[in-house]
Amino acid sequence: MANGRLAQVLERHRAQLSSDWIREQTADGVLRDTRIDEAELRGQCDEFLALLVRATLEGGTNVSGPAFAPVRDMLERMARWRGERGFTPSQTALFVLSLKKPIFSRIRVDFEREPGALFQEIWRATELIDSLALLTTEAFQRGREAVIARQQAEMLELSTPVVKLWEGILALPLIGTLDSARTQTVMETLLQRVVETGSEIVIIDITGVPTVDTLVAQHLLKTVSAARLMGVECIISGVRPQIAQTIVHLGVALSDVITKANLADAFKLALSKRGMGIGARTGGV
Amino acid sequence: MVVVRRAALEIRREEDMVRVRRSVRQWADELGFGLVDQTKLVTAASELSRNALVHGGGGTVVFEALEDGPRRGLRLTFTDEGPGIPDVELALSDGYTTGSGLGFGLGGAKRLVNEFSIESRRGAGTRVVMTRWK
Amino acid sequence: MDRIPILKMGAFLLVTIQVDMHDRLAMALQDDLSNKIVETGARGVLIDISSLEMVDSFIGRMIANIASVARVLDAETVVVGMRPAVAITLVELGLSLHGVRTALDVERGMELLETALADGPR
């Protein structure tokens, strides 16, 4: 099988390939920074070569086949690892691409007397390395996307501060709009705080919510219902006249929810519900 | 999209529903789903196991852990060989009930996941596939 | 068959659900509780679900039924200790258990029952 010849080249010259390859990469300046030391690089190279030899012996150059699964896994891990350490996409792809020259040299020596086979194997090696480099770039990209998704989730959590106003009273100042993903985070954060603080009243202030359409109103209502299921009463404050009109117009069932124009009124109501109140000190000054 | 892991459970008795719920919880936890997402998956699975048991006379559920780029998901496929659902549209609407539940079973389960589909033919059983992504 | 224990606490009954309930157990609880209300003349029922990791539409209906039946038998029901994840899921499922009183924990549930009974028409 013609496929087998490239695999044999890789297997026969593995040690030589490894040292040539590492020299290629150090020449390209990867080691000049502190993100990776030589031992780590050697470890990655040796592991990759061992996996590559096994994969090509079993599966030729079909990189998407089952024989290449360990190679693909390793590239995925390597690409993510480099991505996390701040390597650029090209620096990451170079890991694979810099293996080309050492392989070509070995093929040239082995097939000196067979020009036809020489050309064919060099072509095969080019295809193999290029597809692996593509896989690496894709894996790198996926790693980046995962980081972005994680940061988005973290920002979502940061954007829902729950403040304890008084013993038993929490406030949730909402800023920006409510979609279903954010609603879930808001509910989760709010109800968790309810459990931690043993609060029985929550004021949801929507002064910072620019528009309330049917969807936003429904999400608000869900939050109120979930809190009620736990035995917590909600007051919605910061209802501007325009929002009040929208709510009535949309026919959203916010009727069984207490609403107040501003946070101060809501707080006063919350205090009185807990049997407390705010008043001027008599006989003062 | 790749199926990373697959397993199946039988739903023959009420105790099996409890086993399905526990397994879903465990799979969802291992896939890194948060507590709320886990609960949504377990609840949807509970609705559908009951459906398979009560209306389908028993069936199976297949668990599949999915990977699609950076996304991870859990796909559950419920199959029964019961009489089938005559009107799927109607069965999905809130308030529809055949006696055991508040009528939020199927429609409610649909709201708890990201992807949901029903195939049902009279006399040939029902197959519900649902997926929640992390 | 397993049964969920019902405790008598003064004028109230306390049910603590600690197992992963299957449907027959839920049905049995409904029957047992109605009988116990009549038997003891209890004025209030506390259902502690803080151990429940999931409430689906069946268990939701069971809870709503208990509350309705209890009301007919002249007793108030309070569901206490629902976990946040369970509450969020129930709302998404479409169940908001209107007409069922709720409280954060058993202690507050008792207070709620006491005020409800003091304010009541009797």
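The figures here come from the full heavy-atom set of this structure, side chains too, leaving out hydrogens, waters and symmetry mates. The sequence lines fix the lettering, A, B, ..., with proteins before strands; numbering per chain opens at 1.
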Would you please go through residues 24-34 of chain B and name the residues with a non-hydrogen atom below 4.5 Å from one of chain C, in numerical order? R25(B)

Using a heavy-atom distance cut-off of less than 4.5 Å, which residues of residues 121-134 of chain B contact chain C?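 From residues 121-134 of chain B, none sit under 4.5 Å of chain C.
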
Validation row: [X], [Y] side chains within 4.5 angstrom (heavy atoms):
X: L46(C); Y: V106(C); result: yes
X: L29(C); Y: V15(C); result: yes
X: L53(B); Y: M17(B); result: yes

Using 4.0 Å as the upper bound for N to carboxylate O, is an ion pair formed by [Y] and [X]?
X: E76(C); Y: R43(C); answer: no
X: E10(B); Y: R19(B); answer: no
X: E64(B); Y: R5(B); answer: no
X: R71(B); Y: D68(B); answer: yes

Please rank D37(B), L112(B), L35(B) by heavy-atom pairs under 4.5 Å with chain C and give me the top one. L112(B)

By side-chain contact (heavy atoms from CB on, under 4.5 Å) - contacts of L73(C) (at least two apart): S34(C), I37(C), V38(C), V69(C)

Non-hydrogen atoms of A42(C) and L13(C) that approach each other most closely: CB-CG, 3.6 Å

Closest heavy-atom pair and its distance - V88(B), S120(B): CG2-CB, 4.1 Å

For V18(B) and E15(B), run side-chain contact (heavy atoms from CB on, under 4.5 Å): C-alpha distance rounded to whole Å, both residues' side-chain angles, the deciding distance at 0.1 Å, then the answer. CA-CA 5 Å; V18(B) 176; E15(B) 287 72 13; 5.6 Å; no

Please identify, among V55(C), D56(C), N65(C), the residue contributing the most non-hydrogen atom pairs under 4.5 Å to chain B.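 Looking at each of V55(C), D56(C), N65(C) in turn, D56(C) comes out on top.
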
Would T89(C) and V42(B) count as a side-chain contact (heavy atoms from CB on, under 4.5 Å) here? Give the steps. CA-CA 10 Å; T89(C) 303; V42(B) 173; over 6 Å; no

Compute whether any side-chain donor of one residue and acceptor of the other, for E53(C) and T39(B), lie under 3.5 angstrom apart.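 No, because no side-chain N or O of E53(C) sits under 3.5 Å from a partner of the opposite role on T39(B).
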
In terms of heavy-atom contacts, does CZ of R108(C) have more than 12 from other residues, nucleotides or ligands at under 6.0 Å? yes

With chain B as the partner chain, list the residues of residues 80-88 of chain C whose heavy atoms fall under 4.5 Å from it, by residue number, and write 'none' if nothing qualifies.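 Under the 4.5 Å heavy-atom cut-off, A85(C), V86(C), I88(C) qualify.
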
